[in-house]
Student: 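Mind looking over this structure? Questions follow.
Each chain gets a letter, A, B and so on, in the order its sequence line appears, and its residues count up from 1. Predicted model only: the values in this text are computed from it and were never measured. Both backbone and side-chain heavy atoms feed into the values below; hydrogens, waters and symmetry mates do not.
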2 protein chains.
Amino acid sequence: MIRTGRRRPAAPRGRRGAEPRVERIALGDLRPDPDALLGRLAYLKLALFESASAVAGRATDLGDREVITRVAAAVLEQHTALTAMIEARGGESAAAMHPFTADVDRYRRRLADSGWHESVLTLHLSAGLLDDFFAGLAAGLPAPEGPRVVELLQRDIGHDALVAVLQAGLGTDKRLGSRLALWGRRLVGDTLLVARAALADVRDAEGRPASTEERRIEPVLNGLIAAHTRRMDRLGLTA
Amino acid sequence: MIRTGRRRPAAPRGRRGAEPRVERIALGDLRPDPDALLGRLAYLKLALFESASAVAGRATDLGDREVITRVAAAVLEQHTALTAMIEARGGESAAAMHPFTADVDRYRRRLADSGWHESVLTLHLSAGLLDDFFAGLAAGLPAPEGPRVVELLQRDIGHDALVAVLQAGLGTDKRLGSRLALWGRRLVGDTLLVARAALADVRDAEGRPASTEERRIEPVLNGLIAAHTRRMDRLGLTA
């Protein structure tokens, strides 16, 4: 059971300015498998890109559509950079991504068929949480991939613009707030499952999957939830 | 009535190598309206990008999905470059695109709900024909936009990769050939309507819309149809 209701003190603001980042995840002594991490992340970004394009296409306002297309473009750049890394390591991107399609597709299906603003919120919260998580995990990868992936995930995909779109919606539709609050609470559980699934590819110094070490993983997940709560707060939504 | 059945002698191969290009359209003495051309083209590229992402998302093979995602990325780059040009002229991209959404959306709707291979063929043929047409039209724009738009539209968005995906499908499904031939014939008529619509924004030296000058437009459209026929031929499809 994931607790989303407990508020935590705000962390120092991160390098992205307006978008506060979670404190660096203490997974540095774990050993993520580079091929698995790159393949999983590349597929996640492909899926997020497709979702973002679909959200853009469903926008009724052409300005919103432009804003979200830019987010899609930024996510696509991340995907492309990841597949380039896979290929630079001698891998083949489709083969590298393949083992992770089922998990990610299930996640997408669970979050599909929502209203348009819910989908925009998904982009904002899901990308925010997963970028934080995978940046922490990638910090444990050796160079050159490790630092490159961290840098890639810390790039701003346009969160401020997504927040502005959501705030405009919240300003004109009084009932949207409670719908989005509900959606954000539902979303965080599903998104944390995606993060947890990635821990299966991470081993500790004794070679055990990190996913079995609940005690050490708990603070990591709490950090992600705290950042999620701050994103909800910024929108005036109860997490 | 558009004749698609008549074969024409092959034109010299263009600079893109494997993809033959139509001979330069003789629209150089016409005067396209820069704002209208940029706005229309930016929206067309946005729509084509969304279609390409959707086609990628519907691919059952992850390798095909990668290929088509790259095409989507290339089209998105064209869209982004066009909106940057609109903004550099002091315009606002959503406002610039707005007058052209109805025409383009109608075109998309007419070509929606097809099989997956039909949608791949649409990407290949529609982008091929419209890039040829608008490159010819943009050649009549003053610098800096004119040469930039021409260069942008002559970039290869990945036609060879789309042809390879189609050929793989044609090789395994014997009935696909006749379905795609039919689709290609239907597609060309709708796509030429999109090209013709753009002529409403183009005036001749006397200020008359170019769309009223059937006699001068006819050779242009014939050149586009010839290039379309060569694309169909390359796939072994009867145009």
Student: By a 4.5 Å heavy-atom criterion (distance strictly below it), what part of A:T83 contacts chain B: side chain, backbone, both, or neither?
Tutor: side chain
Student: With a 4.5 angstrom heavy-atom cut-off, could you sort out which part of A:R58 is near chain B: side chain, backbone, both or neither?
Tutor: neither
Student: If you tally heavy-atom pairs under 4.5 Å against chain A, which of B:A47, B:G57, B:G63 wins?
Tutor: B:G57
Student: Should the heavy atoms of other residues, nucleotides or ligands under 6.0 Å from CZ of B:R70 be counted, would the total exceed 12?
Tutor: yes
Student: Is a side-chain donor-acceptor pair under 3.5 Å present for B:S93 with A:E66?
Tutor: yes
Student: What part of A:T101 gets within 4.5 angstrom of chain B, counting heavy atoms only: side chain, backbone, both, or neither?
Tutor: side chain
Student: Between B:D64, B:T69, B:T80, which has the largest tally of heavy atom pairs under 4.5 Å with chain A?
Tutor: B:T69
Student: Considering all heavy atoms of both residues, which atom of B:L62 and which atom of A:A94 are nearest to each other, and what is their separation?
Tutor: CD2-O, 3.3 Å
Student: Heavy-atom cut-off 4.5 Å, strictly under: side chain, backbone, both or neither for A:A54 against chain B?
Tutor: neither
Student: Determine the option with the most heavy-atom pairs under 4.5 angstrom with chain B, choosing from A:R65, A:E92, A:H98.
Tutor: A:R65
